[in-house]
Engineer: 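Starting off with a structure, shown below.
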Amino acid sequence: MPTSDEPTSDEPTSAPDTDQAAPWWRTAVVYQIYPRSFADSDGDGIGDLPGITSRVPYLSSLGVDAVWLCPFYPSALADGGYDVDDYRDVDPRLGTLADFDDLVTALHAADIKILVDVVPNHTSDRHAWFVEALASPAGSAARNRYIFRDGLGPDQDRPPNDWESLFGGSAWEPVGDGQYYLHMFAAEQPDLNWHDDSVRADFRATLRFWADRGVDGFRVDVAHGLIKDLNEPYRPWSEISEVIRPDGSHPLWDREDLPEVYREWRAVFDEYVPPRIAVAEASVHPTRRSRYAASDGLGMAFNFEMQDADWLPSDYRRVIDSGLGDLSRGETPTWLLGCHDSPRVATRYGLARNPGRNSQQTARDWLLTDGRLPELDRALGERRARAAVLILLALPGSTYVFQGEELGLHEVGDLPSAALQDPMAQRSGGKEKGRDGCRVPLPWTPDGPSYGFGPGPANLPQPAWFADYSVASESERADSTLSLYRAALALRRVLATGDEFGWLDSGWLDSGDDVLAFRRPGGWVSVTNFGGQPVGLPDGQLLLASGALPDGRLPSDTTAWFRVP
Ligand code: NOJ
C-alpha cells in the first residue's frame with residue numbers, strides 16, 4: 001500500500017496497441033486558448049499569434065493533443081472577438097495570415113493539432129455584408145442575409161416583438177428606417193439568416209479556407225442557434241425565455257431542421273484526408289446532444305453539465321452517466337470543467353459558505369459582491385478542482401482544458417468596473433460582472449510588468465496573487481497543479497486506450513456513497529473521496545494522486561489512479 005505526502009506518479013509498463021488506437025480526437029485532451037489573454041509578443045497588452053507560437057514548447061511539455069483557438073479574426077471586440085468582421089483573416093493586433101501559418105507549422109511539428117472557432121450564428125456589425133445590408137433598402141437581398149423586420153406602431157418605433165438578447169435588453173435594434181434587426185447576443189452581433197443560400201455557401205467556403213491552411217478541425221459557436229422560426233404570430237418572451245428544451249419546440253434554439261446544415265458541413269470535412277473534425281457548442285437538453293454529435297453531423301458536442309455540477313458524488317455520477325449515454329450511441333463524450341464563459345472551476349469549488357452549491361450561478365452571485373462574499377477558500381477550491389480533473393481525464397472521450405486551469409487559477413473576482421470588457425457587464429448596466437474574471441491574461445513568471453504575459457502591462461489588470469500561480473513558479477514545485485496536469489496527461493496517453501468503463505460500487509472499498517470509483521481498460525481505476533473522512537486505498541499500484549495521501553489513506557476531496565490486478 002503506498003504512503004506518500006506528495007502527489008505520486010509511476011509510469012505503467014504497457015503501451016497502447018497502435019493498430020487498435022481510436023482516431024486521435026476520440027481521446028484528445030484539447031487545450032483552449034483565448035488568444036488575447038495567452039501570450040503577448042509585442043507589448044500592446046493583447047495576446048497574439050506569435051505569442052502563442054513562442055509558447056508551443058510549453059504546450060508540448062504540458063502534453064496536450066490539440067489546441068482550440070478562440071476567435072482571432074478582425075473584430076472590434078464588442079464580444080471578445082465573437083463579433084467577426086472577416087472570417088478569413090487575422091486581426092492585425094493579433095498578427096497576420098503568415099503568423100497563423102507559422103503557428104500551424106509549429107504546432108504540427110510538435111504533434112499538436114489545431115481547431116479554430118467558427119462563428120456562424122452572427123457576424124459583427126462591421127462585416128461587409130452588414131454594412132451592405134444597412135445601405136440597402138428593406139426587402140433587398142443584402143438585408144435577407146440577416147433577420148430584418150418592420151417595427152411596430154404608426155411610427156414603426158417599437159420592436160417587432162418582446163424577445164430579449166441573451167446579454168440583456170431587447171434582441172432587436174432599430175436601423176432608422178422603420179426596420180429592426182435581430183441580435184440574440186450584443187447589438188454589434190446581428191444574427192444571420194440561415195435560410196439564405198448565399199450565407200450557407202459562404203460558410204462552407206470559410207471552412208475550406210482554414211482547412212486548406214492546415215487546421216484539423218473547428219469549434220462551432222452557438223451551433224444550436226442557426227435556424228430560427230420567425231413565422232408570426234411571435235410567441236411572447238415569457239413563454240420562451242426558458243431556452244433549453246427537450247423537444248425542439250423553441251423558435252430560436254435547437255430547431256429540428258438544423259442538422260441539415262451540419263450534414264452539408266460534414267460533406268466539406270470529408271473532402272479532406274484525414275477528414276476535418278468539429279465540436280458543437282450547443283446549449284441544448286442532454287437528450288438532444290446527439291443531433292450535433294452524430295457522425296453525419298459535427299461529430300462531437302460539448303457536455304456542459306459538469307460546469308454546473310455540484311461537488312457531490314451524486315452529481316458527478318449523474319453527469320458521467322449522461323455522457324456515457326452518448327458513448328453507447330457511438331458518440332464521443334466531450335468533457336469540460338469550465339471555459340471562457342464560466343467562472344473558474346477552482347473558485348466555484350472553493351466558495352466555502354456554500355457547501356454543495358457549486359454551480360456557475362453560485363460563482364456569479366459571488367462576483368456581484370466583488371469577490372468578497374461568500375468567503376473563497378482558495379486551497380479547498382484548488383484541491384477539488386485537481387480531484388475533478390483527474391476524474392475527467394480518466395473518462396472515455398475527449399477532455400477540454402481552459403487555459404489557466406492547469407495552474408489552478410482562480411477567477412479574478414474584483415476587477416474594477418472600469419476595466420470590464422464583457423458586453424454582459426455593459427448590457428446589465430453594471431449589475432453583472434460578466435466573464436472577464438476568467439479571461440485575465442495568464443501569469444508565466446512571478447514578476448515583470450504582466451507576469452511574463454508580455455513586455456508591457458496586460459489588457460486586464462492581473463492581481464498580485466497571480467505570482468504564485470505562474471508557470472515558472474509552478475514548474476518548480478512537484479506538488480503544484482501544473483505538475484499534476486503534466487503527470488496526468490503523460491499517464492493518460494498510455495492508459496486511455498479504449499471506451500471500456502465500469503462503475504465500482506460502494507462496497508468495493510467498503511467506503512460508502514462518498515466515494516466514486518470506476519474502472520477502465522487494463523486495470524486502470526480512478527477513485528475519488530468526496531466525503532469528510534479519509535478512506536482506505538485499494539490493493540494495486542498507485543499511478544497518480546491529486547494530493548497527498550497521508551497514512552496511506554485517501555483524504556477528502558482527492559482522486560487517485562491505480563492499476564489494480
Ligand atoms: C458562445 C461563446 O463562447 C461566447 O463567448 C460568445 O459570447 C457567444 N457564443 C456569442 O458568440
Side-chain angles (χ1 to χ4, degrees), residues 30-38 47 67-87 91 115-127 130 146-147 164-169 171 173 181-192 194 203 206 218-226 228 243-244 252-254 278-284 292 298 300-304 307-308 334 336-344 360 364 400-405 411 420-428 432-440 460:
V30 183
Y31 185 82
Q32 182 193 350
I33 293 183
Y34 195 73
R36 290 171 181 79
S37 303
F38 188 67
V67 296
W68 147 34
L69 243 53
C70 285
F72 50 83
Y73 315 111
S75 167
L77 302 184
D79 180 20
Y82 283 92
D83 45 322
V84 179
D85 297 350
D86 179 351
Y87 291 92
D91 189 318
L115 314 186
V116 298
D117 223 307
V118 50
V119 188
N121 181 66
H122 42 263
T123 68
S124 82
D125 60 349
R126 308 195 315 173
H127 189 284
F130 195 70
Y146 294 90
I147 302 173
E164 290 178 16
S165 145
L166 298 188
F167 288 161
E173 190 72 10
Y181 67 87
L182 181 74
H183 60 90
M184 290 314 299
F185 295 89
E188 295 87 348
Q189 293 168 296
D191 279 47
L192 284 164
W194 275 81
F203 270 90
T206 292
F218 301 90
R219 177 267 190 189
V220 183
D221 189 60
V222 197
H224 56 304
L226 276 45
K228 298 172 174 83
V243 295
I244 295 186
L252 298 170
W253 310 114
D254 192 27
V279 56
E281 187 234 9
S283 303
V284 294
Y292 304 85
L298 294 175
M300 281 181 286
F302 289 130
N303 179 338
F304 284 117
Q307 279 194 152
D308 264 323
T334 305
L336 51 87
L337 290 166
C339 67
H340 65 296
D341 292 331
S342 56
R344 284 207 177 266
Q360 292 191 63
R364 292 224 167 88
Y400 282 66
V401 174
F402 175 47
Q403 66 177 40
E405 277 173 10
E411 187 82 1
L420 298 178
Q421 301 172 5
D422 186 355
M424 249 181 175
Q426 280 148 18
R427 289 184 70 90
S428 73
E432 299 281 339
K433 276 278 197 181
R435 300 162 295 177
D436 290 312
C438 68
R439 300 174 178 182
V440 176
L460 279 168

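Atoms within each ligand, like the ligands themselves, are counted from 1 in listed order.
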Engineer: Going by the rule side-chain contact (heavy atoms from CB on, under 4.5 Å), which residues pair with Glu281 if we only count those two or more places apart in sequence or in a different chain?
Structural biologist: Arg219, Asp221, Val222, Phe302, Phe304, Asp341
Engineer: Name the residues with a heavy atom less than 4.0 Å from ligand 1?
Structural biologist: Asp79, Tyr82, His122, Phe167, Phe185, Gln189, Arg219, Asp221, Val222, Glu281, His340, Asp341, Arg435, Arg439
Engineer: Looking at side-chain heavy atoms only, is the closest gap between Arg36 and Asp91 below 4.5 Å?
Structural biologist: yes
Engineer: Just jot down the side-chain hydrogen bond (donor to acceptor under 3.5 Å, both in side chains) partners of Gln360, sequence neighbours excluded, or say none.
Structural biologist: Arg364
Engineer: Between Tyr181 (side chain only) and Ala187 (backbone N and O only), is there a donor and an acceptor less than 3.5 Å apart?
Structural biologist: yes
Engineer: Partners of Trp68 by side-chain hydrogen bond (donor to acceptor under 3.5 Å, both in side chains), sequence neighbours excluded?
Structural biologist: Asp117
Engineer: May I ask you to test the Leu298-Phe218 pair for a side-chain heavy-atom distance under 4.5 Å?
Structural biologist: no
